[in-house]
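Inspection log for the structure reproduced underneath, given as structure tokens.
Keep in mind that the numbers below use all heavy atoms, side chains included, and drop hydrogens, waters and symmetry copies. Order of appearance sets the numbers: ligands from 1, and atoms from 1 within every ligand.
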Amino acid sequence: MFIGHFVPAELLQLVAPNTPRWVALAGVSFPDLLWGGTVLAGVETVEWNRDSPLQKDIKFVKYPYSHSLVLATLIACIPGLGIGLWFGPAAGLVFIAASASHWLLDTIVHLHDLPILGFNRDKKVGFGLWRYGWVALLVEYAFFAIGTLLFVPRQSWTYVLVAGLILHMINLNSFIGLTKKNLIPSGKVYAALTFVGFGAAIWLFNAAY
Ligand SMILES: [Zn+2]
């Protein structure tokens, strides 16, 4: 999931309006940014599929640090604590809550590969909406659009909806498979692209209103 993750950031901004906007935006992005780093470092592993561009054909073999409910949220407390000390406790809590929301939303689309604890004998979850490419494509944007209408000031609706649509379309091939082969050559390249995608999203939505 990509733009859908930014709905909790919109909600948190409404609940804690005095928090700098980038805090919630960085919080919801944190697990995927961490994942980009751990995959590049070889700490977490992804099994890349050169013969399919679809999200459902990527195997997230091991990612307990970035994508478990318990361990990843504990790790998010480290930057959360720093942000809390610098910008006040509310900002720290916003960051941690935003990061935890990432796992919850990922459970909707991922295929039974998201660990709960992140250590020991663990259970994995994921409802697998990615199996239905077109549905997942439409549901994620609809969710983003509804969240935007509910939580974002009216004067920014057009900007946020258009920016979100452009970002969503970057992922189009991974939903519906316009190409037969995967245009992204490896998991490491994909991990590096995560920084570009989420970096662009944080920057665009931060400038929204
Ligand atoms: Zn994720």
Co-members of F127 in a cluster of I, L, V, M, F, W and Y side chains, linked at under 4.5 Å: none
One checks the Zn ion (ligand 1) and counts protein N, O or S atoms under 2.8 Å, reaching 4
From L150 atom CG to L14 atom CG, the distance as rounded to the nearest 0.5 Å: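 Those atoms lie 9.5 Å apart.
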Roughly how far apart are H5 NE2 and D106 CG, rounded to 0.5 Å? 3.5 Å
Just wondering, more than 12 heavy atoms not from Y65 lying within 6.0 Å of its OH?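 No, the 6.0 Å shell around OH holds no more than 12 heavy atoms from other groups.
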Only pairs under 3.5 Å count here: list side-chain donor-acceptor contacts from residues 138-146, not counting sequence neighbours, and write none if there are none.
residue: E140; atom: OE2; partner: F2; partner atom: N; Å: 2.8
residue: E140; atom: OE2; partner: I3; partner atom: N; Å: 3.0
residue: E140; atom: OE2; partner: G4; partner atom: N; Å: 3.1
residue: Y141; atom: OH; partner: L161; partner atom: O; Å: 2.7

Partners passing side-chain hydrogen bond (donor to acceptor under 3.5 Å, both in side chains) against S29 (at least two apart in sequence or in another chain):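 Testing S29 for side-chain hydrogen bond (donor to acceptor under 3.5 Å, both in side chains), a comparison that skips the adjacent residues, returns none.
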